[in-house]
Amino acid sequence: MRISELARQAGTTPRALRYYEEQGLLRPARLASGYRHYDEQALRTVRHIQLLLSAGLSTAAIAEILPCIPDDTTVLAPTCPELLDALGEEHARITRAVEGLLAARTILERLMRG
DNA sequence: GTTCTCACA
DNA sequence: TGTGAGCA
């Protein structure tokens, strides 16, 4: 399928798909016309990308994690043990971010109480 | 009509 | 990431 079709099925925009490619997250084939060509697998990959982005991961981190996710799975399988360290860092980063937000919320609550 | 690349305030 | 230009 072409870029607009994949974008439609994935609920995103062609712009975003080109960006993913630029970041090394997708490698669509090229038609003689120069148009990008995506297979059905691309849709699953895009969904994985969106899931990881929603988890707050950087495109760089996603580029490393993506190849460790089986093509046909919705769940993130621990196929690459060596990746656990990197994921642990992301987890720690998110934990720090959450703590920061909780602190910010506490300050706002105090301000609102007057 | 659709996609491509490149550039931008 | 959006938008527009200028092509093919």
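A note on names: the letters A, B, ... follow the listed sequences, proteins ahead of strands, and every chain is numbered from 1.
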In plain terms, say whether A/R18 and A/E21 are close enough for a salt bridge, that is, a side-chain N and a carboxylate O under 4.0 Å apart.
no

For A/Q50 and A/A10, indicate whether the former's side chain and the latter's backbone hold a donor-acceptor pair under 3.5 Å.
yes

Have a look at A/R93 and tell me which of A/H91, A/E90, A/E89 forms a side-chain hydrogen bond (donor to acceptor under 3.5 Å, both in side chains) with it.
A/E90

Rounded to whole Å, the CZ-P distance (A/R36 to C/dA8) equals 17 Å

Rounded to whole Å, CD1 of A/I49 lies from C1' of C/dT1 at a distance of 16 Å

Of all the heavy-atom pairs spanning A/Q9 and A/R47, show the shortest one and how long it is.
O-NH2, 3.5 Å

Taking the side chain as every heavy atom from C-beta outward, state whether A/T45 and A/Y20 have any pair of such atoms under 4.5 Å apart.
no

Spacing between A/L31 atom CG and B/dC4 atom P, to the nearest angstrom
10 Å

Given Watson-Crick and G-U pairs under 3.5 Å, DNA chain B in dot-bracket ([ ] crossing, | other strand) is .|.|||||.

Just how far, in rounded Å, is C1' of B/dG1 from CZ of A/R8?
17 Å

Can you tell me the distance, in whole Å, between the OH atom of A/Y19 and the P atom of C/dT1?
8 Å

Expressed in angstrom and rounded to an integer, what is the separation of A/E22 atom CD from B/dA7 atom P?
12 Å

What's A/S33 touching, base or sugar-phosphate or nothing? Going by heavy atoms closer than 4.0 Å.
nothing

Test item: A/R36 and A/R2 side chains (from C-beta on) under 4.5 Å apart, heavy atoms
no

Atom-pair distance (CD on A/Q23; P on C/dT1), nearest Å
10 Å

Between A/R18 and A/R15, which is nearer to the 5' end of DNA chain B once each is assigned its nearest nucleotide?
A/R18

With the side chain counted from C-beta on, respond yes when A/L17 and A/Y38 share a heavy-atom pair under 4.5 Å apart, and no when they do not.
yes

On DNA chain B, nearest-nucleotide positions of A/R30 versus A/R2: which is more 5'?
A/R2

Find which nucleotide of DNA chain C each of A/Y35 and A/T13 is nearest to by heavy atoms, and output the residue with the more 5' nucleotide.
A/T13

Whole-Å distance, A/E21 CD to B/dT5 P, equals 7 Å

